[in-house]
**Q** 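I am attaching a structure below and will ask some questions about it afterwards.
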Amino acid sequence: MEARTLELVFPEHANPGGNAFGGFVLGLMDKVGSYAAIRRARKRCVTVRVGEVVFEVPIKVGDLLEVVARVVRVGRTSLTVEVEVYRENLREPKVLATKGNLTYVAVDEQGRPAPVDDPASTTPQP
């Protein structure tokens, strides 16, 4: 299961030197990672762990970010999602800028851990 989005880096997302704040990038990673987890679990999911995150190259104001999240492991109630952030701009080709793994837990209406649905038993949504 996968989810992806595009985001442009504006000055409010960066420090005075023009580099994107790490927290801004982590927020995008968590948001898109949760989309992939929710798609796979077919229920609400909450973040329980942010694993190692590696900032490979700087992200600057004006860069276009493509955030790609893929579910790489499914447990009884948890899902591990690998998230990659690609940076591109008018001067340079697209390059992997940041990567990391996040873990989510599927929850029921009361916020308690709930089993992840079997993909064979669910009907894909259009």
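By convention here, the first residue in the shown sequence is residue 1.
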**Q** Could you tell me if the side chain of Val25 sits less than 4.5 Å from the side chain of Ile59, heavy atoms only?
**A** yes
**Q** Quick one: pull up OG1 in Thr77 and CZ in Arg112 and give me the separation to the nearest 0.5 Å.
**A** 13.0 Å
**Q** List in chain and number order the residues that pass side-chain contact (heavy atoms from CB on, under 4.5 Å) with Val53, two or more places apart in sequence or in another chain; answer none if no residue qualifies.
**A** Leu26, Met29, Val50, Phe55, Thr98
**Q** How many angstroms lie between OG1 in Thr5 and NZ in Lys31, if you round to the nearest 0.5 Å?
**A** 6.5 Å
**Q** Evaluate the side-chain proximity of Leu79 to Cys45: yes if any heavy-atom separation is below 4.5 Å, no if none is.
**A** yes
**Q** Measure from the side-chain N and O atoms of Tyr104 to the backbone N and O of Ser34, and report whether any donor-acceptor pair falls under 3.5 Å.
**A** yes
**Q** Tell me, with the steps shown, if Tyr35 and Asp30 meet side chain to side chain donor-acceptor pair (under 3.5 Å).
**A** CA-CA 9 Å; Tyr35 298 163; Asp30 189 22; over 6 Å; no
**Q** Tell me whether Val68 shares a hydrophobic cluster with Leu102, the cluster being built from Ile, Leu, Val, Met, Phe, Trp, Tyr side chains joined at under 4.5 Å.
**A** no
**Q** For atom CG of Leu6, decide whether the heavy atoms of other residues, nucleotides or ligands shown that lie under 6.0 angstrom number more than 12.
**A** yes
**Q** Between Ser78 and Thr103, what is the shortest heavy-atom contact and its length?
**A** CB-CG2, 4.3 Å
**Q** Tell me, do Arg76 and Pro113 make a side-chain contact under 4.5 Å, heavy atoms counted?
**A** no
**Q** Between the side chains of Arg87 and Glu92, is the shortest nitrogen-to-carboxylate-oxygen separation below 4.0 Å, so that they form an ion pair?
**A** yes
**Q** With sequence neighbours excluded, tell me which residues meet side chain to side chain donor-acceptor pair (under 3.5 Å) with Glu56.
**A** none
**Q** Going by atom types alone, do Glu84 and Tyr86 pair a side-chain donor with an acceptor below 3.5 Å?
**A** yes
**Q** For residues Ala3 and Ala36, report the shortest heavy-atom separation together with the two atoms involved.
**A** CB-N, 3.7 Å
**Q** What I'd like to find out is whether the side chain of Leu28 reaches to under 4.5 Å of the side chain of Leu65, using heavy atoms alone.
**A** yes
**Q** Taking atom types as modelled, is there a side-chain donor on Thr80 or Arg49 under 3.5 Å from an acceptor on the other?
**A** no
**Q** Within a strict 4.5 Å, meaning less than it, do heavy atoms of the Lys43 and Asp117 side chains meet?
**A** yes
**Q** Should Ile38 and Val74 be regarded as members of a common hydrophobic cluster, given that ILVMFWY residues are connected when their side-chain heavy atoms come within less than 4.5 Å of each other, either directly or indirectly?
**A** no
**Q** Which heavy-atom pair separates Phe21 from Glu12 by the least distance, and what is that distance?
**A** CE1-O, 4.1 Å
**Q** Any donor and acceptor pair, going by atom type alone, linking the side chain of Arg42 with main-chain N or O of Val116 inside 3.5 Å?
**A** no
**Q** Is a donor from one side chain sitting under 3.5 angstrom from an acceptor on the other, for Lys60 and Asn89?
**A** no
**Q** Measuring only between side-chain heavy atoms, which start at C-beta, is Lys99 closer than 4.5 Å to Glu82?
**A** no
**Q** Within the structure provided, determine whether Arg4 and Arg70 are in side-chain contact (heavy-atom separation under 4.5 Å).
**A** yes
**Q** Find out whether Val81 and Val83 are in side-chain contact, i.e. whether some heavy atom of one side chain is under 4.5 Å from a heavy atom of the other.
**A** yes
